[in-house]
J.: 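My questions will all concern the structure given below.
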Amino acid sequence: MNLQGLNREQRKAAETLEGPVLILAGAGSGKTRALTYRIANLIDHGVAPWHILAITFTNKAAKEMKERVNQLVGESGNDVWVSTFHSMCARILRRDIEKLGYSRSFTIYDDDDQSSVLKELYKTLNIDEKNMNPREVRAKISDAKNRLLGPDEWFAESPRDFRSQQFHDLYSAYEKKLRHSNALDFDDLLVRTLELFADHPPVLESYREKFQYVHVDEYQDTNFAQYSLVKLITHKSRNLCVVGDDDQSIYGWRGADIRNILSFEKDYPDATVIKLEQNYRSTANILDAANQVIAHNEGRMEKMLWTEAEEGDPIRVFCAGSERDEAAWICDRMQQLRMTGHDFGKMAVLYRSNAQSRVIEDMLVRAGIPYRIYGGLRFYDRKEVKDIVAYLRVIVNPSDDASLRRIINTPRRAIGDTTVAELAKHAEQEDMPLFSALVDIPESLSSRPRKCVSEFGDLMNDLIVAKEEMGLLEFVTHLIEKTGLKAQYTRDESDEGKTRIENIDEFLGAVAEYEKAAETPTLEDYLENVALVSDLDNAEFGAKCVTLMTVHSAKGLEFPIVFMTGLEENVFPTGRSVQNDEGIEEERRLCYVAITRAQKQLYISYASQRMLYNQVNYNAPSRFLREIPTRLLDNQLTAKRERSFPAPMESHVYSTPKRQPRYQAAESGHGLGAGRSALGIPGVQKGFTPSAASKMPSGAAPSLFKVGDRVMHRKFGQGTVSEIRGTGTDARVMIHFASYGLKEFVLSIAPIVKVND
DNA sequence: GAATAAATTGTTTTT
DNA sequence: CAATTTATTC
């Protein structure tokens, strides 16, 4: 194996093949590289590819690693198992779950399904939602499962009060319900796999035999269940190689236990510890800032990232008057960067919470900057798509009551709440799934509902038959037709109806794509994909679009130019986290992750006034900002502005005047560029539109429109800007529409975007 | 039982 | 503020 391309530490990682290995890999230190070479090297040393397992945190990472291994070793790399914990467990369970009394066609329940199960249980157990909200209960159940505690075990170590008792009953009823529905939630995938291994030693033995060499990436983000699983599998071989960075542990709230990595050396006293400390990603300034911030955390593993890269640009900090101001500034900077030869595809905007994306998105649309937003609602989470998926799930697994409830009256077929309640009662009495009640209809129903129910039952049975006779895509198309799912929207002429149809078609496209790509496409396998794969997993960057995402989603990614937004107390760090040191430390790690995403340029912004949760907040600048040495920051960029509120910070703080000429018309510049922007629809835009504002001196306020611009209005269609009056929030714009004549709008709130012909 | 209007309520991060 | 739940009317 040629390991020439690796540095000394990376090479050591790739060459240490036996026994426990801990690779402490700082951000951007080439850990994936080290890991892929290690796998290739194992194969080179005669280890069969199918004896190697590599567990990653996301499907995207798995895909990437697979590709890179294949590059090194060729086709044989396909036999290496590279997957996430969840996918791996799903695959193991599909084989052997019958030993646990489930059927192989089990459904994987998402948050929504969990909630609807819980809500049902509230009714039957007579629990008031006011006392225990489903969200909290879901989190508690997840937490218990991550710690491998069943309802009784959980209760055993909880205070014996009424609430505990109530939660115990709920949890235990929830477990029963899922089992009856032949369904597993996310955490169950791990828990049940462990159960399978514990109760069926030969199965465990076979996997121990199979996975001689195990790798776990992002080890700092593993929870107790995952930790146990790894420990169990590698117990005999002891060939366990974990990779991680305690400074990047950001999933504590989801049960990840940072102690897993901190005490690896205690677990395996003979472990080889390798530190990857050379950073290949960022400029020295950016790395310096990251190091300084993270140094404020206590109890870290000892390491220090360094780089051979040049200093690079200083980090630009901007204090905006408001969140809108912040967004406008970002757009302006982006347009300037675009003018100096930086593609929009190189830029990313990172924020703490999804809620922050809206204003930025708005402003990007107005500026005509193409963007792509990740997170928020997944494609598969959209109503119309979930409906189709629910049908498919019921067909694969008729015991899936939650999905059946979802579709029993969608589209409307006159089976209302009372009828469903009647069916459910009957099913309960007979101890059978709800689906059976569609055929074995209770006596209590009168003729009209009875007829509706039996028609629906016939429809479903027809579909189950059809599924066996058709190809996947053919079948799904048939299903959408037969059920009238599409028909209910074709009548709807509104934008919403149209988007739904589009989404349905896109879903069919996804099915077609899957059918083409998969070796043996099955509906069951496709549904598993739907459950476990996120939008981000299929994302392709480098398109000519700006990327918008949360810091959490950005983990593992890198961008030449990064905008970190909302660096304010109560936002980043969040208000909730400041209550304890652990919370703050995790926020700080999150901040560290954000900074280290940047390769060349880093922009940080915060707003002195921010609309949050429907009220105006005046937050102090984030403490993390203060932790970056002033020498790394740029104070030239933002022009001197009068303070609108006292900022408790030092030299690099600048405030904006309350009235900012944000949207002032620019006299010079020509709207060059081609392409058009998609109106109103969040998501993808093609092409770009450099703004005239780009020519303005740095520090000047952005102006997004000028006289003569072609614009698109949500209602009036295309028009031309004929006049702009006033400044700041008072600014008005006159637009001439071919069909409506001249109209005046308040510039800051008008639903208009720039277009180019 | 369904469609509409009114009221309420909640907001971190996600495999 | 918007999304969801609840009340009201047909």
Side-chain angles (χ1 to χ4, degrees), chain A residues 55-62 83-90 108-112 114-116 119 129-130 133-136 138-139 142 145-146 184-190 217-218 221-223 225-226 249-256 323 350-359 374-378 380-381 383 408-422 446 448-449 452 528-537 549-556 566 570-579 583 586-587 589-591 593-594 611-617:
Chain A
I55 300 171
T56 58
F57 193 67
T58 64
N59 292 293
K60 186 184 167 61
S83 75
T84 62
F85 272 106
H86 298 272
S87 301
M88 174 183 82
C89 289
I108 299 170
Y109 272 5
D110 63 18
D111 301 359
D112 263 11
Q114 288 182 286
S115 290
S116 52
K119 273 185 202 156
E129 270 198 46
K130 302 270 174 344
N133 84 327
R135 213 188 154 75
E136 197 184 317
R138 234 173 48 201
S142 176
K145 288 189 178 182
N146 286 159
L184 306 193
D185 64 26
F186 260 113
D187 305 309
D188 279 339
L189 290 171
L190 295 154
D217 195 5
E218 308 282 13
D221 285 325
T222 50
N223 60 37
Q226 293 165 334
S249 162
I250 55 174
Y251 285 98
W253 52 275
R254 209 172 75 187
E323 75 280 359
L350 306 182
Y351 34 79
R352 177 65 243 262
S353 68
N354 280 307
Q356 288 166 250
S357 69
R358 280 188 58 136
V359 204
Y374 296 95
L377 80 159
R378 286 190 331 152
Y380 290 117
D381 284 341
K383 283 185 216 83
I408 196 163
N409 201 28
T410 311
R412 303 257 122 88
R413 49 174 73 89
I415 304 177
D417 293 346
T418 39
T419 309
V420 175
E422 208 60 48
S446 57
R448 220 167 73 101
C452 295
E528 191 172 305
N529 268 316
V530 170
L532 298 178
V533 175
S534 74
D535 290 357
L536 197 59
D537 291 328
M549 58 170 67
T550 62
V551 181
H552 278 93
S553 329
K555 195 173 78 157
N570 297 319
V571 177
F572 197 174
T574 63
R576 283 188 174 199
S577 67
V578 294
Q579 288 154 14
E586 181 150 319
E587 293 288 308
R589 291 192 291 267
L590 198 54
C591 181
V593 168
M611 188 76 134
L612 207 63
Y613 312 142
N614 196 26
Q615 59 175 346
V616 181
N617 287 273

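What you see below is based on every heavy atom in this structure, not just the backbone, and it leaves out hydrogens, waters and symmetry mates. A, B, ... follow the sequence lines: proteins, then strands. Residue 1 opens every chain. These numbers were taken from a predicted model, which means no experiment stands behind them.
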J.: Restricting to nitrogen or oxygen on both sides, can you table the protein-nucleotides 3-5 of chain C pairs closer than 3.5 Å?
T.:
| from | atom 1 | to | atom 2 | distance (Å) |
| --- | --- | --- | --- | --- |
| C/dT5 | OP1 | A/K119 | NZ | 2.9 |

J.: For A/R378 and B/dT14, what is the distance between atoms CZ and P respectively, to the nearest whole Å?
T.: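 The answer, rounded to whole Å, is 12 Å.
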J.: Not counting sequence neighbours, which residues clear salt bridge (Lys or Arg N to Asp or Glu O under 4.0 Å) with A/D185? List them please.
T.: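 Partners of A/D185 under the salt bridge (Lys or Arg N to Asp or Glu O under 4.0 Å) test: A/K145.
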J.: Would you please name every residue forming a salt bridge (Lys or Arg N to Asp or Glu O under 4.0 Å) with A/D537, sequence neighbours left out?
T.: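 Salt bridge (Lys or Arg N to Asp or Glu O under 4.0 Å) check on A/D537 returns nothing, list empty.
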J.: Distances under 3.5 Å between protein N/O atoms and the N/O atoms of nucleotides 6-13 of chain B, please, pair by pair.
T.:
| from | atom 1 | to | atom 2 | distance (Å) |
| --- | --- | --- | --- | --- |
| B/dT12 | O2 | A/R352 | NH1 | 2.8 |
| B/dT12 | O2 | A/R352 | NH2 | 2.5 |
| B/dT13 | OP1 | A/N354 | N | 2.9 |
| B/dT13 | OP1 | A/N354 | ND2 | 3.2 |
| B/dT13 | O4' | A/R352 | NH2 | 3.4 |
| B/dT13 | O2 | A/W253 | NE1 | 3.2 |
| B/dT13 | O2 | A/R352 | NH2 | 2.4 |

J.: Taking OP1 and OP2 of B/dT14, is either one under 4.0 Å from a side-chain nitrogen or oxygen of A/S534?
T.: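 False: A/S534 side-chain N/O out of range (4.0 Å or more) of B/dT14 OP1/OP2.
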J.: Run the ring pair (Phe, Tyr, Trp, His ring centres under 6.0 Å) test against A/F57 and tell me which residues pass, sequence neighbours left out.
T.: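 Checked A/F57 against ring pair (Phe, Tyr, Trp, His ring centres under 6.0 Å); matches are A/Y251.
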J.: With sequence neighbours left out, write down each residue that passes side-chain contact (heavy atoms from CB on, under 4.5 Å) with A/N570, or none if nothing qualifies.
T.: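 With sequence neighbours excluded, A/N570 shows a side-chain contact (heavy atoms from CB on, under 4.5 Å) to A/N619, given in chain and number order.
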J.: With sugar-phosphate meaning primed atoms plus P, OP1 and OP2, does A/F57 contact a base, only sugar-phosphate, or nothing at under 4.0 Å between heavy atoms?
T.: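 Counting heavy atoms under 4.0 Å across all strands, the contact made by A/F57 is with sugar-phosphate only.
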J.: Is there a side-chain contact between A/Q226 and A/L190 (heavy atoms, below 4.5 Å)?
T.: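 Of all side-chain heavy-atom pairs linking A/L190 with A/Q226, at least one is under 4.5 Å.
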J.: Take the protein atom CZ of A/R138 and the nucleotide atom P of B/dT14, then report the distance between them rounded to whole Å.
T.: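 Checked: the CZ to P distance equals 13 Å.
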J.: Determine the interatomic distance between C1' on C/dT5 and the same-named atom on B/dT12; round to the nearest Å.
T.: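 Nearest-Å result for C/dT5 against B/dT12 at atom C1': 24 Å.
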J.: Are the side chains of A/E323 and A/M611 in contact, using a 4.5 Å heavy-atom criterion?
T.: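 In short, these two side chains touch, coming nearer than 4.5 Å.
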J.: Compare every heavy atom of A/A594 with every heavy atom of A/V551, then report the nearest pair and how far apart it is.
T.: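 Nearest pair, atom of A/V551 first, then A/A594: CG1-CB, 3.7 Å.
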J.: Rounded to whole angstroms, how far apart are OH on A/Y380 and P on B/dT15?
T.: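 Those two atoms, OH and P, are 14 Å apart.
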J.: Is a side-chain N or O of A/H86 found less than 3.5 angstrom from the main chain of A/L189, in a donor-acceptor match?
T.: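 The answer is no, because no donor-acceptor pair under 3.5 Å joins these two groups.
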J.: Quick one: side-chain contact (heavy atoms from CB on, under 4.5 Å) partners of A/S357, sequence neighbours excluded?
T.: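 Checked A/S357 against side-chain contact (heavy atoms from CB on, under 4.5 Å); matches are A/Y351, A/E361, A/I373.
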J.: By salt bridge (Lys or Arg N to Asp or Glu O under 4.0 Å), which residues pair with A/R378, not counting sequence neighbours?
T.: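 For A/R378, the residues satisfying salt bridge (Lys or Arg N to Asp or Glu O under 4.0 Å) (neighbours in sequence not counted) are A/D381.
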J.: Please name all residues satisfying side-chain contact (heavy atoms from CB on, under 4.5 Å) with A/A531, sequence neighbours left out, ordered by chain then number.
T.: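 By the side-chain contact (heavy atoms from CB on, under 4.5 Å) rule, A/A531 matches A/I108.
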J.: So what does A/N59 touch, heavy atoms closer than 4.0 Å: a base, only the sugar-phosphate, or nothing?
T.: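 Answer is nothing: A/N59 stays at 4.0 Å or more from every strand.
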J.: Any idea which heavy atoms bring A/L590 and A/H552 closest together, and the distance?
T.: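 Answer, listing the atom of A/L590 first, then A/H552: CD2-CE1, 3.6 Å.
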J.: Once side-chain contact (heavy atoms from CB on, under 4.5 Å) is applied, do any residues pair with A/S87, and if so which ones, sequence neighbours excluded?
T.: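 Result, side-chain contact (heavy atoms from CB on, under 4.5 Å) vs A/S87: A/N59, A/S83, A/T84, A/L532.
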J.: So among A/D111, A/N223, A/D187, which one has a side chain to side chain donor-acceptor pair (under 3.5 Å) with A/S142?
T.: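 One option only clears the test, and that one is A/D187.
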J.: I'd like the P distance from B/dT13 over to C/dT4, given in whole Å.
T.: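 Their P atoms lie roughly 15 Å apart.
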J.: Send over the distance from A/K555 NZ to B/dT15 C1', rounded to a whole Å.
T.: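 The distance from NZ of A/K555 to C1' of B/dT15 comes to 11 Å, rounded to the nearest Å.
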J.: Please produce a list of atom pairs where a protein N or O lies less than 3.5 Å from an N or O of nucleotides 3-5 of chain B.
T.:
| from | atom 1 | to | atom 2 | distance (Å) |
| --- | --- | --- | --- | --- |
| B/dA3 | OP2 | A/R412 | NH1 | 2.6 |

J.: Please list each protein N or O that sits under 3.5 Å from an N or O in nucleotides 7-10 of chain C, with the distance.
T.:
none

J.: Which whole-number value in Å describes the distance from A/D185 CG to B/dT14 P?
T.: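 Nearest whole value for this atom pair: 19 Å.
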J.: What is the distance from CD of A/E218 to C1' of B/dT14, rounded to the nearest Å?
T.: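 In whole Å, B/dT14 C1' lies 14 Å from A/E218 CD.
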J.: Starting from the 5' end of DNA chain B, give me the residue, A/P449 or A/L532, whose nearest nucleotide shows up first.
T.: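 Result of the comparison: A/P449.
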J.: May I have the distance from A/N409 (atom CG) to B/dG1 (atom C1'), rounded to whole angstrom?
T.: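 About 9 Å, once rounded to whole Å.
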